[in-house]
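Worksheet: the structure to be examined is printed underneath.
What's counted below: heavy atoms across the whole structure, side chains too, no hydrogens, waters or symmetry copies. Note on naming: letters A, B, ... go to the chains in the order of the sequence lines (proteins, then strands), and numbering restarts at 1 for each one.
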Amino acid sequence: MKDFSRKLIGWYETHRRDLPWRQTTNPYHIWLSEVILQQTRVDQGLSYYLKFLKLFPTVHDLAGSSEDQVLKAWQGLGYYSRARNLHHTAQLVVEHGQGLFPMNYDGLIKLKGIGPYTAAAIASFAYNEKKPVIDGNVVRVLSRIYGIEHAIDSKEGKNAISQLAEEMIDPRNPASYNQAIMEFGALHCTPRLPQCDSCPFHSSCFAFAKKRVSDFPFKKKKTRVKNLWITYFHIDEPRYVWIRKRGLDGIWKGLYDFPGIESESEPDLGLQLTEFLKSQALKKRDCVISSSEPYLHILTHRRIHARFIHIKTKSKMSNPLSDWIRIAKTNLSQYGVPRLVEKYLAGDSR
DNA sequence: AAGCCGGGGGA
DNA sequence: TCCCCAGGCTT
């Protein structure tokens, strides 16, 4: 619909925020910004975008770094698979594309970490290809205006939205249209308290006409939260500290933390400490032991109850597990750690 | 289709 | 508290 695009882009031109990734058509810059902004607010991602451009000015710099360096730079932003995929894709682009990104949506979406949204964003912003972006903002705007009565996390809901998005995109200005509809959702047609009174689509919005704005969009499922208890052993030798790299497929994969024990019910701290000391043949009189206050770390799908047991000792561990790493304390800051550990280290790690 | 993956902000 | 954020991957 031509009128929709005209009004939308008109709104955008007067209300748009001045954001650095809107000043460029460089696919590397666009890709970086889009991955950083996946499930992440602009306010939260902006400083990371600037930091990444400074640390890794080109895709060659990113590819030439280590995954650990990328994860360290990503520390605190969450969803760390994004950082691992970013590094992987940078290396692939350098090795198989001479540092050039694929020139269209179909090529982009084959890359790790680039799904339908990100491929459409890069294709439209960098190449002006006519592919509609469908993010949380777009879903909200379209579902309200058209009154989508299907759950947006169902197949029917997704089909309805993507069909509408295809019809609505402005073939003359795909890049501007995509920027505009996302910005409109982010600033005007917000999840709560949208500014319907001053909305340019006031008279053509189904949800507003029916006084059902808060009904759209809706989901069928909500994620449920599981409790997780972690007991960390902060083994503090005079010049060294033990850490471990998190592997497998769980939370914080690729980051570092302390050796520890995880459980889905509340553990017996005294027992865990006793068994730890026994396993390392440590005598209590050879250590200074203190326990941190409990840390409650709230995530979307987890409530993590963490406790840091600080064990100051001059003894060397007699039986470290295979994934433990002994590093100089002065090097600890080079390792990417979860926010939880970062907070502990910044606070009462004495 | 459903589950999993972080961290933070707004109401 | 609850919901959501310029989503994507795995099972």
Fill in the blank from the handout: Whichever of A:Leu77 and A:Asp43 has the more 5' nearest nucleotide on DNA chain B, that residue is A:Leu77
Practice task
Ignoring backbone atoms, establish whether A:Lys253 has a side-chain N or O less than 4.0 Å from OP1 or OP2 of B:dC4.
Solution key: no
Exercise for the section: Begin from the C-alpha positions of A:Glu183 and A:Arg22 and carry the test salt bridge (charged side-chain N to carboxylate O under 4.0 Å, His left out) through to its verdict. Expected result: CA-CA 12 Å; A:Glu183 190 78 333; A:Arg22 289 181 174 160; 2.9 Å; yes
Exercise for the section: Please determine, for the side chain of A:Asn137, which listed nucleotide (C:dC9, C:dA6, B:dG6) has the closest atom? Expected result: C:dA6
Handout entry: Presence of salt bridge, A:Lys130 and A:Glu166, under 4.0 angstrom
Key = no
Completion exercise
Rounded to whole Å, the CZ-C1' distance (A:Arg224 to B:dC5) equals 16 Å
Exercise for the section: Return no unless some side-chain N or O of A:His301 is found under 4.0 Å from OP1 or OP2 of B:dC5. Expected result: yes
Problem - Any A:Tyr80 side-chain nitrogen or oxygen under 4.0 Å from OP1 or OP2 of B:dG7 - result: yes
Fill in the blank from the handout: On a heavy-atom basis, the closest approach of A:Tyr79 and A:Trp74 is O-NE1, 3.8 Å
Practice task
Assign A:Thr300 to base, sugar-phosphate, or nothing according to its heavy-atom contacts below 4.0 angstrom with the strands shown.
Solution key: base
Exercise for the section: Starting from P on B:dG7, measure out to CZ on A:Arg339 and report it in whole angstrom. Expected result: 8 Å
Problem - Under-4.0 Å side-chain N/O to phosphate OP1/OP2 contact, A:Trp252 with B:dG7 - result: yes
Handout entry: Distance test, side-chain N/O of A:Gln39 to OP1/OP2 of C:dG7, below 4.0 Å
Key = yes
Practice task
Would you please classify the geometry between the A:Phe258 ring and the A:Phe308 ring as parallel, tilted or perpendicular, with 30° and 60° separating the classes?
Solution key: perpendicular
Problem - Euclidean distance, atom CG of residue A:Leu86 to atom C1' of C:dC9 [Å, nearest integer] - result: 15 Å
Fill in the blank from the handout: Numerically ordered, the residues 182-197 of chain A set in heavy-atom contact under 4.0 Å with DNA chain C is A:Met182, A:Glu183, A:Pro191, A:Arg192
Handout entry: Shortest side-chain distance from A:Tyr79, nucleotide among C:dA6, B:dC5, B:dG7
Key = B:dC5
Practice task
Answer with base, sugar-phosphate or nothing: what part of the nucleic acid does A:Gly45 contact at a heavy-atom distance below 4.0 Å?
Solution key: nothing
Handout entry: Separation of atom CG in A:Leu46 from atom C1' in C:dA6, rounded to whole Å
Key = 13 Å
Exercise for the section: Determine whether any donor atom in the side chain of A:Gln38 lies under 3.5 Å from an acceptor atom in the base of C:dG8, or the reverse, and answer yes or no. Expected result: no
Exercise for the section: Indicate, with a heavy-atom threshold strictly under 4.0 Å, whether A:Trp21 touches base, sugar-phosphate, or nothing. Expected result: base
Problem - Donor-acceptor side-chain pairing of A:Glu34 and A:Trp21 below 3.5 angstrom - result: no
Handout entry: N or O in side chain of A:Arg140 less than 4.0 angstrom from C:dC5 OP1/OP2
Key = yes
Fill in the blank from the handout: To the nearest angstrom, the CD1-C1' distance between A:Ile122 and C:dG7 comes to 13 Å
Problem - A:Thr223 (side chain) and B:dG3 (base): donor-acceptor pair under 3.5 Å - result: no
Problem - Cation-pi check, A:Arg144 onto A:Phe216 ring (under 6.0 Å, within 45° of axis) - result: no
Practice task
By nearest nucleotide on DNA chain B, pick out whichever of A:Gly250 and A:Arg41 is the more 5' one.
Solution key: A:Gly250
Problem - Rounded distance (Å) that lies between atom C1' of C:dC3 and atom CZ of A:Phe216 - result: 18 Å
Practice task
Check every atom of B:dG6, C:dG7, B:dA2 against the side chain of A:Tyr117 and return the nucleotide holding the closest atom.
Solution key: C:dG7
Problem - Contact under 4.0 Å: A:Thr118 side-chain N or O vs C:dG8 OP1/OP2 - result: yes
Practice task
Verify the contact: side-chain N or O of A:Lys226 to OP1 or OP2 of B:dC4, cut-off strictly under 4.0 Å; return yes or no.
Solution key: yes
Handout entry: Donor + acceptor pair across side chains of A:Thr231, A:Gln272 (<3.5 Å)
Key = yes
Practice task
Verify the contact: side-chain N or O of A:Lys343 to OP1 or OP2 of B:dG8, cut-off strictly under 4.0 Å; return yes or no.
Solution key: yes
Exercise for the section: First locate atom CD of A:Glu156, then atom CD1 of A:Ile161, and finally report the distance between them rounded to the nearest 0.5 Å. Expected result: 12.5 Å
Problem - Euclidean distance, atom CD of residue A:Gln179 to atom P of C:dA6 [Å, nearest integer] - result: 12 Å
Exercise for the section: With heavy atoms under 4.0 Å as the rule, sort A:Lys221 into base, sugar-phosphate or nothing. Expected result: sugar-phosphate
Practice task
Using a heavy-atom cut-off of under 4.0 Å over every strand shown, decide if A:Lys158 touches base, sugar-phosphate, or nothing.
Solution key: nothing
Problem - Basic-acidic side-chain contact under 4.0 Å: A:Asp153, A:Lys219 - result: no
